Amino acid sequence: MENVDAIVIGSGHNGLISAFLLAEKGWRVLVLEKSETPGGASKSSTSNGFTHDLYAMNIGLFLGSDFYEEYKEELSENGFEPVVSDHPYASVFPDGTGIGVHQDREKTYQILSALSQEDADSWSRLNDYFDKTAPHFMPLMKMELPSFEAGKQFFKMYRHFKISGLLQLGSQLLQSPREFVDRWFTDKKVKSLIVPWGFHLDFAPDVSNGAVFPFLESVLNQRNGMAFSKGGIQQLINSLIKGIEKRGGVVRTGAEVDEILVENGKAVGVKLTSGEIAYAKKSIIGNITPTQLISRLLDPETLHSSFVEKAENYQYGPGTMMIHLELDAPLKWTAGQEYSEFAYIHIGPYVEDLSRTYTQSLNGTLPDSPLLVVGQPTTIDSSRSPKGKHTIWIQVRALPAEAVRDSLNEIEPGSWSEMKEAYTERVIDKLAHYAPNVREVLSNKVVLSPSDLEEDNPNLVGGDSVSGSHHLHQNYAFRPVAGYSNYHTPIKNLYMVGAATWPGGGLNGTSGYLLANKLG
């Protein structure tokens, strides 16, 4: 293999963005991907005319990224086309009712008013508070932490809010999701509309600082609508790869890196499982997690002992199961026909259910009633299925990586390959309570257990779909570990990007963008 300027390990969207931007600067770039399908946790599969986004599906954060703002025209020319639902999300409840959030702000207000006038007014006040605060703190999510730029932003916030305003904002964002909704709302259904957004990461109802994601996602998804990639998220990945190749870069799939080669404290190349060796003159970028560095890719003797200790203590959150359904007709929701039009439907159903589920998963117990995030992409993208048919995307949160007991004593604990089928039936049973026709219209299903997630992508340890816990001790300037939040490692010329680095999970593209601009 010839020498290049930079090698990127892994083809997650952040790794591809780094490769794209470095190739733009004239670097010779090689991306090496273990899987036959590029994209990391953002890829699609197609069978029987149905296209499924295997893991990530919501591209709202990507559409708000600096990278997309700069290259949206080229990505469009390369085949990437966002489609947006004006019925972004809803929650449904056991009594046959639901609450749907519409992009039409007035309609959302009217729906909330019918349930609770007090909470409808609180929703308006929450939106006003978002307008007053988010433009000041959200820029930090596109900056390195710590950095001079972030320091300037904090100073601007201090000048704008003064101490009292900053303390008030801090107290809001440091709340748990439950504390946050208890502060703003009174009705248990309205609270259950907001809290599940935290569970897309590992912010269970009672996790401090978990208020951030529900606060941002509940408002932004209402305003912007729910965005997917037409034809599947693979179209986004393919468009990035076309941009890399246009600039002379190379993306190889089925090419697993076995070792990062280090000479005199400097990363100089990689060895593949095939025995091939590639050398990089300037940089090696891993779209990986710190545990991979110390357990698989590097000899720990080449690293500072303090980094090894921190990496060994890197923590992963609970696991996820992904269930993809192929339907002959749309789901008929007990809550009403219009619920077939919503992009995402959360089935907790209530805050206390999510709290119980999280505790069960941490204790190695198969939850009796996990959170279901039910995506209905074909409501806005008919290209994902044959005419008249539909796909359903279900994210099941949260599950233990290894189960030692079942909360209902119905499933014998064992490996996920042994439990997968039985647990899938539990999930479909729960869905059937809210959409009773699901079994009638179901023609096929594709199920990925927590262990399937990790087998496909070594970043998803234990099925953690966001590559590591986002709790306070492992977020912000502590992500992935204290002292290494600026995408560097103790090895010269070796860097990290991806969900394990700031700003964490979600299709934000930030770490790949920031690192490439720093290196170039």
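Only a predicted model underlies this, so the values are computations on that prediction, with no experimental measurement involved.
A distance of 4.5 Å separates CD1 of Ile233 from OG of Ser42, quoted to the nearest 0.5 Å. The distance from the CG atom of Asp119 to the CG atom of Leu126 is 11.0 Å, given to the nearest 0.5 Å. Summarising the geometry, atom CD belonging to Glu144 is positioned 12.0 Å from atom CH2 belonging to Trp502; distances are rounded to the nearest 0.5 Å. Here the CD-NZ distance, from Glu326 to Lys445, works out to 11.0 Å after rounding to the nearest 0.5 Å. The OG atom of Ser91 lies 10.0 Å from the OH atom of Tyr434; values are rounded to the nearest 0.5 Å. One finds the CE atom of Met321 at 11.0 Å from the CG atom of Leu372 (value rounded to the nearest 0.5 Å).
Using the six-membered ring where Trp is involved, Phe62 and His13 have ring planes that are perpendicular, over 60° apart on the 30 and 60° scheme. The aromatic rings of Phe228 and Tyr344 sit tilted relative to each other, their planes meeting at an angle between 30° and 60°. Aromatic ring pairs are classed by plane angle as parallel below 30°, tilted from 30° to 60° and perpendicular above 60°; the pair Phe50 and His52 is parallel. Between Trp197 and His200, the ring planes lie parallel to each other; the angle is under 30°, not in the 30° to 60° tilted range. In this structure, Tyr358 and His471 have tilted ring planes: the angle between them lies in the 30° to 60° band. Using cut-offs of 30° and 60° for the angle between ring planes, the Tyr68 and Phe80 rings count as perpendicular. Between Trp416 and Tyr423, the two ring planes are perpendicular [angle over 60°; tilted spans 30° to 60°].
Side-chain atoms of Leu297 and Val257, non-hydrogen and from C-beta on, do get closer than 4.5 Å to each other. Put simply, the side chain of Leu366 does not reach to within 4.5 Å of the side chain of Gln360, judged on heavy atoms. When side chains are defined from C-beta on, Thr391 counts as touching Pro377, because their heavy atoms get closer than 4.5 Å. The closest side-chain heavy-atom distance from Pro38 to Gln234 is below 4.5 Å.
For Asn363 against Arg405, the heavy-atom pair with the smallest separation is O-NH1, 2.8 Å. Across all their heavy atoms, His473 and Gln315 have their closest contact at NE2-OE1, 3.4 Å. Closest heavy-atom contact between Asn459 and Asn287: ND2-O, 3.0 Å.
Shown here is Glu352, whose CD atom has more than 12 heavy atoms of other residues, nucleotides or ligands within 6.0 Å. For CZ of Phe137, the number of neighbouring non-hydrogen atoms (other residues, nucleotides, ligands) closer than 6.0 Å is greater than 12. Around the CD atom of Glu256, the shell of radius 6.0 Å holds more than 12 heavy atoms that belong to other residues, nucleotides or ligands. The number of heavy atoms from other shown groups lying within 6.0 Å of NZ (Lys310) is above 12.
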Requested in this report: With side-chain hydrogen bond (donor to acceptor under 3.5 Å, both in side chains) as the test, would you mind laying out the steps for Gln172 and Trp184 before giving the verdict?
Outcome: CA-CA 10 Å; Gln172 290 279 347; Trp184 287 94; 3.2 Å; yes
Query raised in the report: Under the salt bridge (charged side-chain N to carboxylate O under 4.0 Å, His left out) criterion, do Asp328 and Lys389 qualify, and how do the steps go?
Result: CA-CA 5 Å; Asp328 291 330; Lys389 299 182 184 295; 2.9 Å; yes
Requested in this report: May I have the step-by-step check of salt bridge (charged side-chain N to carboxylate O under 4.0 Å, His left out) for Arg439 and Glu425, ending in yes or no?
Outcome: CA-CA 10 Å; Arg439 292 191 186 277; Glu425 290 305 305; 3.0 Å; yes
Requested in this report: Decide yes or no on side-chain hydrogen bond (donor to acceptor under 3.5 Å, both in side chains) for Thr501 and Arg479, but give the supporting numbers first.
Outcome: CA-CA 5 Å; Thr501 65; Arg479 191 166 189 86; over 6 Å; no
Requested in this report: Might you work through the salt bridge (charged side-chain N to carboxylate O under 4.0 Å, His left out) test for Asp381 and Arg384, ending with a clear yes or no?
Outcome: CA-CA 6 Å; Asp381 181 12; Arg384 292 176 179 237; 2.9 Å; yes
**Report entry** Criterion side-chain hydrogen bond (donor to acceptor under 3.5 Å, both in side chains) on Lys430 and Ser369, from CA distance to verdict
**Finding:** CA-CA 7 Å; Lys430 178 170 182 174; Ser369 182; 2.7 Å; yes
Report task. Could you please spell out the steps behind the side-chain hydrogen bond (donor to acceptor under 3.5 Å, both in side chains) verdict for Ser415 and Ser417? Result -> CA-CA 5 Å; Ser415 68; Ser417 62; 2.9 Å; yes
Query raised in the report: Taking it one step at a time, do Asp182 and Lys188 satisfy salt bridge (charged side-chain N to carboxylate O under 4.0 Å, His left out)?
Result: CA-CA 9 Å; Asp182 284 349; Lys188 66 183 296 187; over 6 Å; no
Report task. Show the numbers, then the answer: is there a side-chain contact (heavy atoms from CB on, under 4.5 Å) between Ile111 and His102? Result -> CA-CA 9 Å; Ile111 289 170; His102 296 253; 3.3 Å; yes
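Residues Phe215 and Phe130 place their aromatic rings such that the two centres sit under 6.0 Å apart.
The side-chain tip of Lys191 does not point at the ring of Phe185 from less than 6.0 angstrom away and within 45° of straight on.
Within the 3.5 Å criterion, the main-chain N or O of Ile99 finds a donor-acceptor partner in the side chain of Tyr339. Gln395 places no side-chain N or O within 3.5 Å of a backbone atom of Val373 that could act as its donor or acceptor partner. Between the Asp202 side chain and the His470 main chain, a donor and an acceptor come within less than 3.5 Å of each other. Side chain of Asp104 to main chain of Lys107: a donor-acceptor pair is present (N/O by atom type, distance under 3.5 Å, no hydrogens or angles).
A donor-acceptor contact closer than 3.5 angstrom is absent between the side chains of Ser407 and Thr365. Side-chain N/O atoms of Asp206 and Ser176 include no donor and acceptor closer than 3.5 Å. If you check the side chains of Asp456 and Tyr55, you find a donor sitting under 3.5 Å from an acceptor. Judged by distance alone, the side chains of Thr359 and Arg356 never bring a donor and an acceptor atom under 3.5 Å apart. A donor-acceptor pair shorter than 3.5 Å can be found between the side chains of Asp53 and Ser44. Gln222 and Trp123 form no side-chain donor-acceptor contact under 3.5 Å, judged by distance and modelled atom types alone. A side-chain donor-acceptor contact under 3.5 Å links Tyr476 and Asn209. No hydrogens or angles considered: nothing links the side chains of Ser116 and Lys189 as a donor-acceptor pair under 3.5 Å. Thr291 and Tyr316 share a donor-acceptor pair across their side chains, judged by distance under 3.5 Å alone. One side chain, Asp452 or Ser449, offers a donor N or O that lies under 3.5 Å from an acceptor on the other.
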